[in-house]
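All residue numbers in this chain count up from 1 along the given sequence.
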Amino acid sequence: MEEVDNCSTVWNSNISVCCPFYVNSPEDGPCPGLQCYMVLEKREKTVISTICFFAGPLTFLENVLVLCLIFFTPALRRKPSYLFISSLALADVFASLFFTISFLDFHLFERTDNAEVYLFKLGGVTLSFTSSVGSLLLTALDRYICMHRPSEYKTILTRRRALACLTALWMTTIFIAFLPPLGWNCKTMDRPCSQLFPYVDHSYLACWIILVMFLLVLIIYAYIHILWKAHKHVVYMAKHSIRPGHVRMRMDIRLARMFSLILAILVTCWFPVLAFMIVDFFHCLSREQKRAFAFWSTLCLVNSSVNPLIYALRSRDMRRVMLKVLSWCRGQRSYMEGSQESDMQQKPSNQETISERVEKQI
């Protein structure tokens, strides 16, 4: 069996593909149809399907729980912060459905749909992950404003403006996600396809990569600035003996750990996938590299399963609501009737530091 090392553009079943392929003789020709993209071996299918079967339902249940807690709690629904978190949870619910079904359908069961059906499925995946990253950005900007303009936070970020931002986000991502089924694809435009996604035009993939990388850079900048601002503020307070030193140190360490975790998860889950997509433009990918891309792409689903743990279920208000729900389920209604007003309904005192405000949101 001979491997053709040079990058060959092959027109087969109206799909222009650029990939190495194996031939027994020069007359056998390239891999047929979508087979160039179905590269997983049996062992790899087992590992990746295990990840999807575990992370998919877990992501769905976690984010549905977050949506229910926010939807059925008026005090949370009124807060812009939780509107952004609910948008993130909704996007991750879509990711758990669209990605898991589409990924397993293509790589595990090797279902070969026509261009229209495949691009529509891919549009659902693109919609969910783009909306997820966009919601992460809105959440980061919410915390940035809380840190940068704490006294004007409620004036700047009202519920109406938060809803307007979410409407714009979802309308934009829906439009971007379904451009390929509407005609921006290599089959319609008669141009070379991506080596990683059937029927996807290189120019569309390039625009999507630039968009996601831009959003991720803004997220990273916002959290780094928040951490720097919090550190600068608590150092100032400690210098003027407003707070004991050990409290300042504990606050800085907690914020540093939290934001470092957020940034580490973002980079770990998204950098490998984006790196493979960028390499797709400049080099011919081998079967091993395509298999590696299939594995690393499952980390985007893992990111969606981790998001509710970081952004929602760590919140004091969310945990308090969960405890009330559990108490109600156990029949302890007297506890709910006798409970005092939660901290979410109390105004912060003048002694509250900026670091504490951010801590209450995370």
Side-chain angles (χ1 to χ4, degrees), residues 54-100 127-129 131-143 145-146 153-154 157-167 169-170 254 258 261-262 265 301-348 356-362:
F54 176 76
L58 178 63
T59 303
F60 178 82
L61 294 175
E62 285 177 332
N63 288 283
V64 167
L65 173 63
V66 171
L67 287 173
C68 290
L69 290 176
I70 296 176
F71 181 79
F72 291 107
T73 308
L76 296 181
R77 289 203 311 268
R78 289 193 294 266
K79 285 193 167 187
S81 302
Y82 290 99
L83 291 178
F84 297 147
I85 291 176
S86 63
S87 173
L88 175 62
L90 180 62
D92 289 336
V93 166
F94 288 155
S96 67
L97 296 174
F98 293 138
F99 178 84
T100 304
L127 167 65
S128 58
F129 285 132
S131 300
S132 180
V133 176
S135 299
L136 288 176
L137 175 61
L138 291 178
T139 302
L141 293 178
D142 172 64
R143 294 172 179 178
I145 296 173
C146 179
Y153 171 76
K154 291 185 178 181
L157 193 58
T158 62
R159 188 173 187 273
R160 179 175 296 180
R161 289 178 179 175
L163 290 173
C165 290
L166 290 176
T167 301
L169 168 66
W170 281 92
R254 292 182 64 182
M258 187 62 231
L261 177 63
I262 290 174
I265 290 175
L301 180 62
V302 174
N303 183 46
S304 295
S305 66
V306 174
N307 283 339
L309 301 178
I310 296 178
Y311 295 94
L313 301 181
R314 287 192 75 257
S315 166
R316 296 176 184 177
D317 295 338
M318 290 288 289
R319 291 200 302 268
R320 187 172 290 109
V321 171
M322 287 185 64
L323 289 175
K324 289 185 177 182
V325 171
L326 291 176
S327 298
W328 182 83
C329 293
R330 293 174 181 175
Q332 300 177 358
R333 298 189 180 186
S334 59
Y335 168 79
M336 296 184 64
E337 294 172 358
S339 62
Q340 299 297 324
E341 191 177 25
S342 67
D343 292 341
M344 72 181 84
Q345 297 170 326
Q346 297 176 357
K347 295 183 179 180
E356 288 169 334
R357 292 192 194 103
V358 178
E359 259 208 338
K360 286 178 68 176
Q361 285 193 301
I362 62 176

Restricting to non-hydrogen atoms, name the atom on [X] and the atom on [Y] that form the minimum distance, rounded to 0.1 Å.
X    : Y    : value
E62  : P308 : OE1-CG, 3.4 Å
L83  : R77  : CD2-O, 3.5 Å
L67  : S86  : CD2-O, 3.2 Å
Y82  : I70  : O-CD1, 3.5 Å
D142 : L157 : OD1-CD2, 2.9 Å

Using 0.5 Å steps for rounding, measure from the [atom1] atom of [X] to the [atom2] atom of [Y].
X    : Y    : atom1 : atom2 : result
Y311 : S81  : OH    : OG    : 13.0 Å
K154 : I145 : NZ    : CD1   : 14.5 Å
F84  : K79  : CZ    : NZ    : 13.5 Å
L65  : F60  : CG    : CZ    : 11.5 Å

Not counting sequence neighbours, which residues clear side chain to side chain donor-acceptor pair (under 3.5 Å) with [X]? List them please.
X    : answer
T59  : none
S128 : none
T139 : none

Inset, instruction - Could I get the full list of side chain to side chain contact (heavy atoms under 4.5 Å, CB included) partners for I265, not counting sequence neighbours? - result: L261, C269, N303, V306, I310
Legend entry - Non-neighbouring partners of L61 that pass side chain to side chain contact (heavy atoms under 4.5 Å, CB included), sequence neighbours left out: none
Legend entry - Stepwise side chain to side chain contact (heavy atoms under 4.5 Å, CB included) check, F54 with S305: CA-CA 10 Å; F54 176 76; S305 66; over 6 Å; no
Legend entry - S87 and L138: CA distance, side-chain angles, deciding distance, side chain to side chain contact (heavy atoms under 4.5 Å, CB included) verdict: CA-CA 10 Å; S87 173; L138 291 178; 5.7 Å; no
Tabulate below the donor-acceptor pairs under 3.5 Å that side-chain atoms of residues 88-99 make, not counting sequence neighbours, or state none.
residue	atom	partner	partner atom	Å
D92	OD1	S132	OG	2.9
D92	OD1	S304	OG	3.0
D92	OD2	N307	ND2	3.1
S96	OG	V93	O	2.6

Legend entry - Side chain to side chain, L76 and F71, heavy atoms closer than 4.5 Å: no
Inset, instruction - For M318 and I85, run side chain to side chain contact (heavy atoms under 4.5 Å, CB included): C-alpha distance rounded to whole Å, both residues' side-chain angles, the deciding distance at 0.1 Å, then the answer. - result: CA-CA 11 Å; M318 290 288 289; I85 291 176; 5.8 Å; no
